[in-house]
Amino acid sequence: MTELSIVLTAHNRADLVEETLASLAEQEWDGEWDVVLVDNDSSDATLEILERWADKMPVPTRVVEARDDHNLCYSRNAGVAASSATNVAFLDDDDVIAPGFVAAMGTALRHADFAGPRHEHALLNPPELARYRGSFQTDALGEIFGVTIVSGGGLACRRRLWDDLDGQRVELGYGAEDADFSLRAVAVGVEPIFVADAVYHVRLRGGLRSSFTQGRRFATARVRLFAEHRTATDERAMSPLRLLKAWAGLLRRLPTIRHEGPRLIWMWQLGRRVGHLEGSLRERTWYP
């Protein structure tokens, strides 16, 4: 039986996905592995690119069309359903994996049920963006509500864990799916490990508007996760006084910001503050 399937999901990424595919085609490993390329109902040339690159892969590769929903979780679930491998690992359509990634993740899953790679941010991003936004999962796995989580970029696990948890939840909004999967895995006793030798190059969203939008979306997702998982954690919502101080500190810093990097961080933080309030209203849960 195939030991590992690499599942790459793509939607309208004709401009960037070839770089991802090229990095995948250069991978080597002594284990038995294959590739599943999932087109999530693209309207550009993404599907054609995936089909062309399928013939260039060093291992068996199949292309799957997931057309019923424009949703990352839906396309990941479709990719896993098309695989018969013992383990699975995921790639996003605008990122790049370093040489040795497949070997490191595949070997790690021989001893662990759930794993995440080292994220690297300098290769694919401008220096200012990488410096101020590139900190997550670089030296260790992240946390939410005091629980260790793995980001979806490079997330890998045993197939039996994926099936036991029914994959990722399609109904969750952007930014919640990976943390939710991790929270559910830890709840059944599966702790993820950090694979430092598996380097995953992340492409960040640049620009002030994108920083605000992403911060806002992650924050609204975090409120939903808090509403669903708070009974299993020690997380407490911010008091009204601390909330006022947080907003005052954010607004007080605005006139002092002169350079692009700090502006990106400020917009990200503003998006998070707005998203927490928006999510609290939507979920009827106080977590501002």
Please test H11 against S75 for side chain to side chain contact (heavy atoms under 4.5 Å, CB included), starting from the C-alpha separation and ending with a verdict.
-> CA-CA 9 Å; H11 172 71; S75 57; over 6 Å; no
Going through the distances and angles, do W162 and N77 end up as a side chain to side chain contact (heavy atoms under 4.5 Å, CB included)?
-> CA-CA 9 Å; W162 185 268; N77 290 343; 3.0 Å; yes
Please report the C-alpha distance between L123 and R203 in whole Å, then the side-chain angles of each, then the deciding distance to 0.1 Å, and finally whether the side chain to side chain contact (heavy atoms under 4.5 Å, CB included) criterion is met.
-> CA-CA 8 Å; L123 180 68; R203 194 183 305 271; over 6 Å; no
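The minimum heavy-atom distance linking F136 with H121 is given by the pair O-CE1, 3.5 Å. Nearest heavy-atom pair, S182 versus F114, reported as atom, atom and distance to 0.1 Å: OG-CZ, 3.6 Å.
Side chains of L50 and L21 form a contact here, defined as non-hydrogen atoms less than 4.5 Å apart. Counting only heavy atoms from C-beta outward, the side chains of V223 and R282 never approach each other to under 4.5 Å. L277 is listed as a side-chain neighbour of W247, based on a closest heavy-atom distance under 4.5 Å. With contacts defined as side-chain heavy-atom distances shorter than 4.5 Å, the pair W266/L250 qualifies. Two residues are said to be in side-chain contact when any heavy atoms from C-beta on lie closer than 4.5 Å; E3 and W33 fail this criterion.
Judged by distance alone, the side chains of Q214 and W268 never bring a donor and an acceptor atom under 3.5 Å apart. For Y200 and D95, the side-chain atoms include at least one donor-acceptor pair closer than 3.5 Å. A donor-acceptor pair shorter than 3.5 Å can be found between the side chains of S5 and D34.
Taking 4.0 Å as the cut-off between side-chain N and carboxylate O, E228 and R184 do not count as a salt-bridged pair. A salt bridge does not link D164 to R160: none of the charged nitrogens lies less than 4.0 Å from a carboxylate oxygen. Using a 4.0 Å cut-off between a side-chain N of Lys or Arg and a carboxylate O of Asp or Glu, D92 and R76 qualify as a salt bridge.
D93 places no side-chain N or O within donor-acceptor distance of the main-chain N or O of L16, the cut-off being under 3.5 Å. When atom types are taken as modelled, the side chain of D44 and the backbone of A14 share a donor-acceptor pair closer than 3.5 angstrom. Using a distance-only test at 3.5 Å, with no hydrogens or angles considered, no donor-acceptor pair links the side chain of Q137 to the main chain of V150.
Under the salt bridge (Lys or Arg N to Asp or Glu O under 4.0 Å) test applied with E278, the options R216, R217, R273 reduce to a single match, R216.
The aromatic rings of F145 and Y287 sit perpendicular, their planes meeting at an angle over 60°, well past the 30° parallel limit.
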